[in-house]
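The block underneath contains the structure these notes are about, expressed in structure tokens.
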Amino acid sequence: MEIVESIPDLAVQDPPGEDFSASDLSWTKFGTEERHDDVALIHYDRVDAFIIGECCNVEFPTRFHIERGRKRSKGSLKEYKPDEYLEYRLYWCSFGPENYGEGGGILPSRRYRLNTRNRAARPQSMRGCTCHFIVKRLYARPSLALLIYNNRRHINKSGFVCHGPLDRDAIGPGAKNIPYICNEIQQQTMSMIYLGIPEENVLAKHIEGIQRYCGSDAKVNTLAAQYVHKLGMIIKRSTHELDLDDQASIRLWVERNKKSVFFYQDASENDPFILGVQTEWQLQQMIRFGHRSLIAADSTFGIKKLKYPLCTLLVFDSRQHALPVAWIITRTIAKPDVSKWMKALHDRVLAVDPAWKVNGFLVDDAAAEIDPIREIFSCTVLFSLWRIRRSWLRNIIKKCSNIEVQREIFKRLGNIVYSIWDGTDPFVALEELSQDFVDQMAFLQYFKATWVPKFEMWLTTMKTLPLASQEASGAIEAYHVKLKVRLYDDSHLGALQRVDWLVHKLTTELHSSYWLDRYADESDSFQNVKAEYIATTSWNRALQIPDASVTLDCKDSSFAKVLSQKDSTIARLVWNPGSEFAHCDCEWSMQGNLCKHVIKVNMICGNLQSYRPSMSFQSFNEILDCLSKKPADDSIALDLSTAWTHQMLDQIWKLVELNQANNIGTIVNNMPLRWVAKKGRTSVGRPSTLALLPSSANNNSTSSAAKKKQKRKRLSRLC
């Protein structure tokens with residue numbers, strides 16, 4: 001198209017009809033080769049007809065608001081160009097420019113006043129639409145208006161359609177009439193739909209939520225029903241395949257969901273694929289439950305079935321359940337790559353709360369890189385036995401048919417792990433195990449191929465790192481089992497090799513499940529969901545078993561019995577009680593899981609002298625012994641060792657006191673006074689009299705303070 005450089009060269013257009021749109025005009029390139037715009041010249045009195053026509057676009061029905069405007073009075077310019085304006089107005093689609101949707105960012109505060117008379121009905125309807133045009137009433141020819149269309153397409157910055165019938169994520173027309181829906185109600189409704197709860201139940205809870213803001217109204221109920229139905233249809237129609245190519249599809253997902261991505265590195269010849277996903281709600285939970293607490297990693301999920309293994313970072317919530325706060329999808333475990341995503345996650349948390357700090361980080365893989373954890377999070381690294389225990393037990397049950405053989409092999413493997421403290425050579429014990437169970441060829445072949453080559457590495461890790469408790473191991477395992485149930489559904493087996501399916505599954509169904517669990521517990525609603533959530537972990541289920549239901553044989557300490565709470569005629573048999581490698585004959589344990597019966601028996605055995613302490617306690621004692629060992633007489637090392645020991649004992653005593661206290665007020669009253677800086681004490685201790693003064697007094701005091709400050713500055717310059 002030829003570029004026109006002069007306004008007089010443009011023809012004045014006057015399309016027929018009452019209203020007209022951009023498609024009814026002939027657009028011309030105006031400007032220079034380097035910079036030009038699409039322009040059209042019309043009569044000024046037909047500008048409103050053009051705006052109405054643009055608003056009535058069938059594919060993108062909208063309204064345009066005045067984003068910016070300027071005026072000049074006639075005769076104010078002595079010299080002017082043909083394109084100088086008498087009036088200047090920038091019209092923007094009311095679904096923009098801000099983006100209040102998922103992955104969007106609100107524009108910073110403007111320095112000028114906005115004309116809000118014809119803005120979008122609700123701020124949350126703004127989706128970052130970039131469609132806008134300029135209307136210039138020409139200074140030289142006031143009866144004409146120059147239309148400059150900067151962007152005719154109703155798309156966001158990522159290039160996606162963001163509103164109207166062509167938008168797959170749109171809720172539909174009439175959104176301005178829907179009653180106010182806060183993020184909590186919307187997330188609750190979406191979570192219930194994702195979890196497959198019937199629509200009538202979802203609608204009842206949705207109406208119950210919005211009536212807190214709108215009251216009871218038949219029209220409100222009707223509109224809410226339409227909203228829930230349309231939201232359900234959108235969720236059902238939504239698909240993980242944004243593109244047939246998985247790599248291109250995940251790029252589009254990342255572009256659409258920038259707020260939920262803390263790190264992304266596309267696969268190339270030099271760099272492996274890494275995707276770090278964390279929603280805003282997960283970030284809040286990480287800050288809330290991770291500060292001065294523990295973070296755990298379920299590090300190698302789906303290593304055989306998924307295209308890329310999944311690593312999940314977990315925090316322990318108010319009920320000590322494992323809560324996923326970040327998902328990392330990658331195959332690499334190299335230190336430089338781990339440092340990249342770990343630093344990006346840590347920086348994201350510190351950007352919200354600079355004082356945030358972790359006390360400990362639990363790993364479950366002996367091959368995991370722990371140096372980045374120590375360097376970035378600056379905390380202690382602990383090791384959890386849940387993965388090695390689960391893997392051994394599952395394969396013993398799968399490859400050994402005799403239950404007595406299963407019990408004995410599992411017990412012997414546990415004794416080999418305990419040997420790191422009693423001085424026994426683990427490899428001698430391993431050789432004896434191979435000779436004693438030479439007839440169990442299937443299990444021995446698996447063990448020699450999978451574990452023997454890296455057995456020394458695992459034992460070294462267990463000896464050098466503090467070991468996590470059974471409660472933590474049970475919580476991580478409960479998350480792992482739930483994740484497995486959600487992902488390995490038969491209907492999705494064909495999609496396991498697609499990353500976009502995995503991300504979609506995590507951020508919709510799994511995220512909604514945990515959000516609803518936490519919401520039900522904190523708001524005391526959804527009693528069925530709350531009860532199921534509380535009983536998620538084996539540790540909490542074990543607490544419901546009375547001590548009287550557990551029977552320990554005084555003569556034979558090799559087994560214990562636990563009466564069933566549902567049927568008192570049934571008793572579960574727990575072999576090797578008091579050990580992390582105890583074996584139970586219940587259905588849950590026979591699937592390779594840590595069951596409530598084993599935990600309950602170990603709770604009781606932990607208070608008896610006849611049973612050896614747990615591995616985590618032995619590991620803790622080993623650390624204290626190392627700290628308390630006397631170095632060279634009268635050395636600085638002795639002082640340092642003493643200081644560390646007393647500091648650790650003091651922290652442990654405070655934690656025990658806090659857990660055992662019935663009234664938190666007594667602990668607070670016994671705390672020593674903590675003085676702050678002099679400036680802080682002055683401002684905190686001084687009564688806030690300014691807030692009690694009328695507004696005029698506040699203004700006078702502020703202005704007088706400003707004058708004094710200016711006077712001091714002038715005096716300092718003179719000096």
Pairs satisfying ring-ring contact (aromatic ring centres under 6.0 Å, His included), at least one member in residues 410-434, at least two apart = Phe410-Phe581
Please state whether the rings of Phe377 and Phe361 are parallel, tilted or perpendicular, taking 30° and 60° as the class boundaries.
-> tilted
Geometric cation-pi criterion Lys398 and Phe443, 6.0 Å radius, 45° cone = no
Residues which pass side-chain hydrogen bond (donor to acceptor under 3.5 Å, both in side chains) with Lys307, listed by chain and number, not counting sequence neighbours | Asp246
Which residues pass the side-chain hydrogen bond (donor to acceptor under 3.5 Å, both in side chains) test with Thr330, sequence neighbours left out?
-> none
So, for His321 and Phe316, is the gap between ring centers shorter than 6.0 Å?
-> no
Residue pairs meeting salt bridge (Lys or Arg N to Asp or Glu O under 4.0 Å), one or both in residues 275-294, sequence neighbours left out, come to Arg288-Glu522
Write out all pairs satisfying salt bridge (Lys or Arg N to Asp or Glu O under 4.0 Å) with one or both partners inside residues 524-533, taking only residues at least two apart or from two chains.
-> Asp524-Lys530
Pro466: side-chain contact (heavy atoms from CB on, under 4.5 Å) partners, not counting sequence neighbours = Thr380, Leu382, Ser619, Ile623
Output field: ring centroids Trp281/His511 closer than 6.0 Å | yes
Here the salt bridge (Lys or Arg N to Asp or Glu O under 4.0 Å) pairs for residues 564-581, sequence neighbours left out, are none
Sequence-distant partners of Glu477, side-chain hydrogen bond (donor to acceptor under 3.5 Å, both in side chains), two or more places apart = none
For Phe620, the ring pair (Phe, Tyr, Trp, His ring centres under 6.0 Å) test, sequence neighbours excluded, returns none
Side chains of Tyr533 and Asn540: do they bring a donor and an acceptor to under 3.5 Å?
-> no
Any salt bridge (Lys or Arg N to Asp or Glu O under 4.0 Å) pairs touching residues 437-456, not counting sequence neighbours?
-> none
For Thr464, side-chain hydrogen bond (donor to acceptor under 3.5 Å, both in side chains) partners two or more places apart | none
Is the Lys NZ or Arg CZ of Lys482 less than 6.0 Å from the centre of Tyr514's six-membered ring, within 45° of the axis?
-> yes
Mind checking side-chain contact (heavy atoms from CB on, under 4.5 Å) for Asn528 and listing every partner two or more places apart, or none if nothing turns up?
-> none
